[in-house]
Amino acid sequence: MLQTNSADDQTLQLNFRMLERVLRFVAAWPTDFNPYLPKYLRGRYFLSELFDFCYLLFWYFICVHIAAFHIVSIATIDFSYDELFLTLITTSIYSIMLALNVYLRVYESNFRQLYEFSIRRFRKRSDAGVHYISISSCYRFTNRFQFWWLVMCVLGTMHWAIYPILSQERTLPFPCWYPVDVQQSPMYELAYIFQVLGQLQVGLVYGLSGALFMVFVFMVCTQFDMLCCSLTNIRQTAMILNGGYKTLLRHCQDVIEVDSRGYVLQEVFREDLDNAQATKTISKLDQLSPAQSYLMELAPELTCVMEDCIKHHLLLLRFCQLLEECYHPYVLLKLFQILLLLCFLAFMATVESLSTMKLINVLEYFMLTMTELYLFCFLGQILTNQGLKVGDALWKSPWHLCGASYRRRLLIILMNAQRPVRLTGLKLYELNLETYYAVLKAAFSYYTIIKKFR
């Protein structure tokens with residue numbers, strides 16, 4: 001019933017390796033330096049671990065020194081109200097990014113477990129029927145999505161880095177206290193390079209962590225669509241397994257109108273019935289009493305297909321559990337960061353004394369933060385809806401034409417479908433559209449309070 005697609009697997013592996021390389025570039029994940037060492041030094045004297053630790057310290061220094069110098073600036077410099085909040089924005093971004101870097105390091109094995117799970121155990125397509133859904137649709141969409149998402153994140157953050165060049169002023173992207181005179185060469189150039197690297201780190205770390213999360217959610221949502229498609233087509237799948245219903249299958253394919261709007265990516269393919277492989281079932285009918293032996297047509301095939309769907313459903317519930325265990329600290333961290341940024345950026349956008357260039361940068365950051373909040377909450381809501389949709393797909397299937405053996409197995413999926421599929425922030429806040437509105441309301445409330453104290 002299942003067809004493998006090595007090209008799709010290779011595409012996913014290449015994308016993950018690309019994300020992995022970039023995460024290693026900013027030291028968010030550890031790097032094995034043994035391949036770059038002479039052969040006689042590989043695996044000896046802990047050199048690889050030492051180089052990785054030094055490389056990690058370099059990127060941590062970039063992040064920590066910017067956050068620390070801004071904190072010192074807030075404590076020692078008499079800022080105006082407007083300049084204070086611009087400093088607070090940078091301080092919150094780099095402080096939270098430090099925690100995010102630690103999270104990515106600690107949970108690296110969890111990310112790899114999710115990736116290996118998706119490669120080895122996710123289906124490549126739904127069961128054979130009059131129509132089917134393929135994993136290739138998800139791969140094409142996620143490839144485009146993660147590319148443009150990373151472009152948006154990097155461009156949105158690097159605008160701050162090139163602001164002094166665009167304004168033709170000898171200033172740093174983020175003016176703050178330094179223990180040395182950064183207006184003199186070469187300290188100015190060194191401080192400028194570190195701040196540019198810091199902004200690059202912000203764009204890549206925030207962008208890549210978000211891209212990984214969104215790709216995993218899109219993939220499991222597509223798997224739920226495959227399961228729903230298999231359940232809807234379950235009788236046609238049993239006919240293909242039997243091998244003696246080709247005329248009826250062609251008639252069903254011509255008559256049935258597929259509504260692709262019920263699927264996340266809205267892409268459904270027409271089954272090639274001439275090449276659909278008929279697989280022999282190895283399942284046996286339950287030992288039922290004569291009173292329960294009714295509607296026995298295709299009973300062995302329907303039992304086999306239903307058991308396959310049950311296994312697929314349990315697999316998806318397990319993946320969602322792993323996804324929640326991996327990402328619940330990250331979700332809370334992101335919600336807290338977005339709440340702070342929306343409050344501070346909204347205040348800065350209403351400052352009259354802000355220059356045009358900085359106003360553009362603030363609005364760009366604001367739109368990027370709003371987009372990120374909506375995507376996270378929207379995907380959490382979609383995943384919850386996908387879990388509930390399994391029960392609806394069962395009722396849409398021709399269960400009334402199936403016998404007792406099928407109906408007994410149907411109850412198993414219905415009971416499992418009652419388990420809520422959700423993503424939370426440290427088990428405290430559920431990621432859905434209600435949280436989206438709650439974060440917006442909270443940010444606006446804090447913004448109003450700040451405006452009153454101005």
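The structure presented is a predicted model; accordingly, all values stated were derived computationally and were not measured.
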**Student:** Under 4.5 Å between any side-chain heavy atoms of Leu200 and Val196, yes or no?
**Tutor:** no

**Student:** Less than 4.0 angstrom from a charged side-chain N to a carboxylate O is my criterion; do Asp225 and Lys389 meet it?
**Tutor:** yes

**Student:** Students often mix this up, so state it plainly: with edges at 30° and 60°, are the rings of Phe145 and Phe141 parallel, tilted or perpendicular?
**Tutor:** parallel

**Student:** Would Phe224 and Cys320 satisfy side chain to side chain contact (heavy atoms under 4.5 Å, CB included), going step by step from the backbone distance to the final call?
**Tutor:** CA-CA 11 Å; Phe224 271 113; Cys320 291; 3.9 Å; yes

**Student:** For a quick check under 3.5 Å, do Tyr94 and Gln199 share a side-chain donor-acceptor pair by atom type?
**Tutor:** yes

**Student:** So does Glu307 pair up with Lys311, basic N to acidic O under 4.0 Å?
**Tutor:** no

**Student:** Side chains of Thr424 and Glu324: any donor to acceptor distance under 3.5 Å?
**Tutor:** yes

**Student:** Determine the interplanar angle of the Phe117 and Phe319 rings, folded into 0 to 90°, and report it as parallel if under 30°, tilted if 30 to 60°, perpendicular if over 60°.
**Tutor:** tilted

**Student:** Determine the sole option in Phe216, Tyr139, Tyr115 for which the ring-ring contact (aromatic ring centres under 6.0 Å, His included) test with Phe16 is passed.
**Tutor:** Tyr115

**Student:** Tell me if a side-chain donor or acceptor on Asn233 pairs with a main-chain N or O of Tyr132 at a distance below 3.5 Å.
**Tutor:** no

**Student:** With a 4.5 Å cut-off on side-chain heavy atoms, are Leu373 and Leu440 touching?
**Tutor:** yes

**Student:** What is the minimum heavy-atom distance between Ser48 and Leu37, and which atoms define it?
**Tutor:** N-CD1, 4.4 Å

**Student:** Is it true that a side-chain atom of Arg125 and a backbone atom of Ser136 form a donor plus acceptor pair closer than 3.5 Å?
**Tutor:** no

**Student:** Report the C-alpha separation of Asn432 and Thr435 in whole Å, then their side-chain angles, then the decisive distance to 0.1 Å, and conclude whether the side-chain hydrogen bond (donor to acceptor under 3.5 Å, both in side chains) test is met.
**Tutor:** CA-CA 5 Å; Asn432 52 31; Thr435 303; 3.1 Å; yes

**Student:** Is it the case that the side chain of Thr31 and the backbone of Ala27 share a donor-acceptor pair, with hydrogens and angles ignored and the cut-off at 3.5 Å?
**Tutor:** no

**Student:** Scan Phe61, Phe174, Tyr178 and name whichever one has a ring-ring contact (aromatic ring centres under 6.0 Å, His included) with Phe69.
**Tutor:** Tyr178

**Student:** Describe, in one word, how the ring planes of Tyr327 and Tyr330 are oriented to each other, choosing from parallel (under 30°), tilted (30 to 60°) and perpendicular (over 60°).
**Tutor:** perpendicular

**Student:** If only atom types and distance count, is the side chain of Gln223 paired as donor or acceptor with the main-chain N or O of Phe122 below 3.5 Å?
**Tutor:** no

**Student:** Are Glu116 and Arg112 close enough for a salt bridge, meaning some N to O gap below 4.0 Å?
**Tutor:** no

**Student:** Any donor and acceptor pair, going by atom type alone, linking the side chain of Tyr192 with main-chain N or O of Thr171 inside 3.5 Å?
**Tutor:** no

**Student:** So how far is it from Cys309 SG to Asp127 CG, rounded to the nearest 0.5 Å?
**Tutor:** 5.5 Å

